[in-house]
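See structure below.
Lettering of chains follows the sequences in order, A, B, ..., and the numbering in each one begins at 1.
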Amino acid sequence: MASVTYDHVVKRYTADLTVVKDFNVEIKDKEFMVLVGPSGCGKSTALRMLAGLESISEGQIRIGERVVNDVAAKDRDIAMVFQSYALYPHMSVYDNMAFPLQMQHMKKPDIDKRVKNASRILGLDNFLQRKPRALSGGQRQRVALGRAIVRNPKVFLLDEPLSNLDAKLRGQTRIELQKLHRDLETTFIYVTHDQVEAMTMGDRIAIMNAGILQQVGTPGDIYDHPANLFVAGFIGSPTMNFVPATAQNGSAKAAGFEVKLPKSLPAGKKGTLGFRPEAVTDRVTDEGNALQMKVDVVERLGSDQFLYGQVGGDSVTARVDPRMKVDPGDTVKLGLDTRSLHFFDSETELALL
Amino acid sequence: MTIASERVATPAAERPFTPEWLGQVFSKGLLHVAVIGITLVWIVPTLGLLVSSFRPLDQFSSSGWWTALSPPFKFTLDNYTGVLDASNLGQSFFNSFMITIPATVIPVTIAAFAAYAFSWMKFWGRDMFFLALVGLLAVPLQATFVPILTTFVNLGLTPENVGFVGLWLVHTGYGLPFAIYLLANFFRALPTDLFESAEIDGAGTLTVFFRIVLPLSVPAIASLIIFQFLWIWNDYLVALVYVGGTPEVAPLTVTLANLVGSKGQDYQLLTAAAFFSMIVPLIVFFSLQRYFVRGILAGSVKG
Amino acid sequence: MDFSQLLADVPTLVAVIVGVPAVLAAYIVGGEYVVRLLPDKLRPSVRPWIWVGPALAFVGFFLVYPVFGTAYRSLFDLSGNSFVGLSNYVTQLSGFPSGGSWIAIRNNVFWLVFFTVLVLAFGLLFAVLTDRVSYESPIKSLIFMPMAISFVAIALIWKFMYSYQPPGEPQTGTVNALLGIFHQDPRLWVQDPNVANQALIVAAVWGFVGFAMVILSAALKGIPGDLLEAARVDGAGELTIFRRVIFPLMMPTIVVVGTTLVIFALKAFDVVYVMTNGNYDTDVLANRMYKLLTASQDFGDASAVAIILVAAVIPVLIFNLRQFRAVEARR
């Protein structure tokens, strides 16, 4: 049980190839922290530096109070679940789970107790003598978890552990992982490129892009108050609408409409107006915030209906009542909820609202 | 194999006796005739040898081997007993084992160490050394005989002094480039995650090698062992150069070639001797063909 | 046969089979133990040399050093006492077209062309034909079988195939018996300089076609079935598909097999040595080198011939290395 601190951490491969830049995060004890970002953003490298699989070019990583920069991977008291699961194909499930304990020269009865315990938690009791290839994807995934659990580590590292599962199983496993986190009461650090996993599982989320940490916060915080254009665009599906706009006394003017802003911005400030599809609805409460949308595509999902179209030449997505009758080619009048408006500076891309 | 058979299954025309149907039947028939014909042509030389080796001497020189395939059947083991009595084939058979087994075990073991380093360790000049090994695959062994023979004589590593030891060492040196090449290609293809996982689990270099790499590489190592075994068993030139043709040390290939010279007129004995020399390779080949083929593929299809 | 003497050697064999791996395992375990005595920082740079050390030593001593040694030795006379410069090469390369090594060089070129082309052609043909029948496996193993036996045995098998009886007597050799069916006179295949080379090459081709077939057949199966179906849907006939789709896709494999065959053709020895020992105008460089080495005890000239052989292999070797690097770059 321990906290993890990244303190000005840098990973540099060559003079002009730096994949993690000045990375600072403090992960609390027993927290479920998700590192999320597009592929190649440095999230896996950040995790692998903590695991001891990559050297740290600059800065410090601490587990609890201990600086681990020069500690061998095996001595860091961590366990890692790999995307491919990295199960030893020639060993039985039992031996796979016992292997890390054998490496610690633990006594046989103790190993047996721990393996049995982990397999009970994960429901693997009946598969202990099987080889990994005789297991389903979900079972293999659980063996990989079991191999981590038996070590009773201070920190669990998970590198995209769900991406090899099919959609249905992924949903179930997400829930199981959260339950496991609660039962084990250990720090979890979870790397993924999937924002749904990040939003649903993380106590807090750290979003990375191009080696730079963008924002750290609770899922709700990040969804409602994205710090910059990248975070706003990365979190949420369908993605947030972005429309070029200019600030004018108390409102923002785009090509096809003008809306009141909840907070006044310097007049003439150019930027990007952002609003989520659910902020554009078929309920027009205030004529001043109404949009005329020419609909190109209608997507009916049963519970929702998404309209994709143009407002004054800008592409906009709207989420409307599924009972509303719309056909492609129609022009409809929609209301914009001004409480969830975002405005991003055109130069710094930082949120100004 | 399954892909092949699916691909072959072109839909036959539904109605018989149409021109298309006849054409398909005809070309299908032609295919079978060609395949079986080729196979027959390919086994005739071996079959001829095999049949001849069991024929009595009086018939051997007066009629072709194919006449023995029709009654009256007259077969005998005389040729085999004759050639075993008249030559040192028995001793050679034993020598072949004495030469082949160590000359297989030593290079395969050393190659496994080296291949592990080449695929999973970083060291100065690694890629350069590996490239050099690939280049050495093509070097004619003839270009190495004189200096090695000279050195062996100077060091006293002659067959009179140390028996087959010199030959084992030579075969190890000659066999290593291919052996390392084959194993390194296999080791490299093992997933990186396994090694990282083992590192986190606290496994050291030796544990990773003996408990993860070796068990996972059994198919590749089996291929290599069979390949090297057959290569040494069938080797003629290297054995001839380093241990020569004296009966005490000659392997089967050398004795067989000597018989061609000394008993060139007693063909019936030669056929028996030739078949005798083929027994072990044929057993190995037919029982472990899968691994042999895999070794050939791994060794030649690059990438 | 003296069985007691054979039995006396059995303990040696057992000692070697058990002892050698034990010694090597002890070496690697001991090496790791020594590495662990070193400071942490030094271990990763020392450890690899312990693992590759024995291999590099063997390869260096038995392959790299001797090639240079041979090149050096080729500049001395037969006994090795006096330096003669390039005169061994002059001896070997003078008297074109029939003196020195020229007959052997001519025959090696002959081997290189005919052996390579025939093996590739038959290998490809067999790969394509067997791919289309359901009893593929047993057929392929029968054609592949000669790869398992020694070339000495192959030479003997073909000596027997070619054997000759004077016209009018019953032929015992399969080839001459077949000629008899067509009312042709039997020929002395191996002893007639006009056909001896061809006869030897046929024997080697018979031995090697299985090798080419197995590799080409694997490449053929590697071509996705979708691709062929797409071509069929596009209206291509089977021959067009072979020429325009299958053949180009197999080209890289054909090249790899081809280089292996070229190297073999240049090094051809066993078949020639056993069937003719280079007589009847069938000598090749490898056999000539061996004769100079043993019969003439002329180490200088033997070394020169060996170096000529190396020189012939070098272009293939360079080609191989380029292929290898290209493949590595794509990894």
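- Contact annotation for L133(B): only side-chain heavy atoms (C-beta onward) come within less than 4.5 Å of a heavy atom of chain C.
- Across F68(C), Y27(C), W158(C), F144(C), the residue that shares the most heavy-atom pairs under 4.5 angstrom with chain B is F144(C).
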TODO: For E136(C) and K221(C), run salt bridge (charged side-chain N to carboxylate O under 4.0 Å, His left out): C-alpha distance rounded to whole Å, both residues' side-chain angles, the deciding distance at 0.1 Å, then the answer.
DONE: CA-CA 12 Å; E136(C) 184 185 357; K221(C) 295 199 190 312; 2.8 Å; yes

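- At a 4.5 Å heavy-atom cutoff, the contact between I38(B) and chain C is made by side-chain atoms alone.
- For T253(B), the parts lying near chain C are the backbone and the side chain together; criterion is any non-hydrogen pair under 4.5 Å.
- When the candidates V214(C), V67(C), I143(C) are compared by the number of heavy-atom contacts under 4.5 Å with chain B, I143(C) comes out ahead.
- Contact annotation for W66(B): only side-chain heavy atoms (C-beta onward) come within less than 4.5 Å of a heavy atom of chain C.
- For T104(B), no part sits under 4.5 Å from any heavy atom of chain C, backbone or side chain.
- Only the side chain of F210(B) comes within contact range of chain C, with heavy atoms under 4.5 Å apart.
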Task: Candidate pair W231(B) and F227(B), rule ring-ring contact (aromatic ring centres under 6.0 Å, His included), full reasoning - done: CA-CA 6 Å; W231(B) 157 254; F227(B) 212 88; 8.3 Å; no

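- Heavy atoms closer than 4.5 Å to chain C are found in both the backbone and the side chain of L49(B).
- Both the backbone and the side chain of I106(B) come within less than 4.5 Å of a heavy atom in chain C.
- Of the atoms belonging to L237(B), heavy atoms from both backbone and side chain fall under 4.5 Å from chain C.
- Comparing G69(C), A302(C), A148(C) by heavy-atom pairs within less than 4.5 Å of chain B, the highest count is held by A148(C).
- When heavy atoms are compared at a cutoff of 4.5 Å, F164(B) does not approach chain C at all.
- Heavy-atom distances place the side chain of V105(B), and not its backbone, under 4.5 Å from chain C.
- The contact between Y116(B) and chain C is made entirely by side chain atoms (from C-beta outward), counting heavy-atom distances below 4.5 Å.
- Of the two parts of A257(B), the backbone and the side chain both hold a non-hydrogen atom closer than 4.5 Å to a non-hydrogen atom of chain C.
- Listed options M145(C), Q171(C), R73(C) were ranked by heavy-atom pairs under 4.5 angstrom with chain B; first place goes to M145(C).
- Across L256(B), D127(B), N234(B), V254(B), the residue that shares the most heavy-atom pairs under 4.5 angstrom with chain C is N234(B).
- Across R126(B), K122(B), Q289(B), the residue that shares the most heavy-atom pairs under 4.5 angstrom with chain C is Q289(B).
- Aromatic ring centres of F151(C) and Y273(C): separated by at least 6.0 Å.
- Ion pairing of R132(C) with E238(C) is present here, as a side-chain N (NZ or NE/NH1/NH2) and a carboxylate O approach within less than 4.0 Å.
- Of the residues considered (L293(C), V29(C), I307(C), T130(C)), V29(C) shows the highest number of contacts with chain B, using heavy-atom pairs under 4.5 Å.
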